[in-house]
Amino acid sequence: MGTDTAPRGTGADAPAAITKVSIIVSKGSLEGVYPALIMANGARAEGIEANLFFTFFGMDAVHRGRNRHVKVATVGNPGMHIPTLLGALPGMSALATHFMGRRMDALDIPPIDEFIEMIADTGAGLYACRASVDMFGLTREDFVPQIRDIITVGEFYAMAAGGQIIFTSGRDRGPAPGPLLVCGRARRGTGRGRRRA
Amino acid sequence: MTTATYGGVTVELDEGGFLADPGVWTREIAADIAAAEGITALTDRHWLVVDVAREQYLRTGSGPAVRQLGKASGVGVKELYALFPGGPAMTAARIAGIPKPRGCI
């Protein structure tokens, strides 16, 4: 057996393939968490090594009591296309989350707690941020068992060495220079469009 | 488009290294593709997953992504990655002689 040309992606002019990603989750909203989970899971599906680093409110995604209650941000989220004052009404966030959850369920996108388990099963590494854990007064026991460790920022950089670092955000941001990619809101390409389709 | 010799026959591959014509696939071709992917022996569990992927492609026109592959085969995600370390859906599709699955989950 054998191929008559060079193996895939190894031609002289082909850009080097991504072999490792380290994804930072800093927001505790649905649109702050899902893009990171989908990217980490998708990386593993492509045979790319993946690490997820949960910091600040992003830790809700791996917090035992909270990861089943992550909601869509309906305030300060212009992409929702509802007035901020309306978005602030009691139940609006739960309502938006309910509708988005139904769409995601129909598309077989798992809920966060199940998605976290699945991603751990792919072999991706899940870590919580030492500084945030201390700041919020949390311990190892507050996290789901899929969290491998609570690590410092230095340990994160050591782990990310040789790969790409992706900072996912729940807010609109411009692209940062260098290897730091900024991932915009997921619903821009998902929820809204799908609902209309 | 490149060509390769698998199972004693010359076959065409697409840019991603997937069999260009799923119709020419045989189990001998599959075993050689698996070897090229670093899987030297296809076990019953490998075949279960590969057959499910191929069956779904032939039935629906697209192969399953990882989550669907796990559900349809009954093989858990952890075991899928153990069986196909390079990515279960991609590798199983290659071995099954079907196009690259395009699902995100």
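- Among the candidates B/Cys104, B/Pro88, B/Gly87, the residue making the largest number of heavy-atom pairs closer than 4.5 Å to chain A is B/Gly87.
- Chain B forms the most heavy-atom pairs under 4.5 Å with one residue out of A/Asn41, A/Asp108, A/Ile38, and that residue is A/Asp108.
- Taking 4.0 Å as the cut-off between side-chain N and carboxylate O, A/Glu117 and B/Lys78 do not count as a salt-bridged pair.
- Electrostatic pairing of B/Arg27 and B/Asp51 counts as a salt bridge here, judged by a charged N lying under 4.0 Å from a carboxylate O.
- Across A/Asp121, A/Thr122, A/Ile119, a single residue satisfies side chain to side chain contact (heavy atoms under 4.5 Å, CB included) together with A/Arg44, and that is A/Thr122.
- Residues A/Phe136 and A/Phe57 place their aromatic rings such that the two centres sit under 6.0 Å apart.
- Contacts of A/Glu49 with chain B are absent, with no heavy-atom separation under 4.5 Å from either backbone or side chain.
- In terms of heavy-atom pairs under 4.5 Å with chain A, the best-connected choice from B/Gly8, B/Pro101, B/Gly86, B/Ala82 is B/Gly86.
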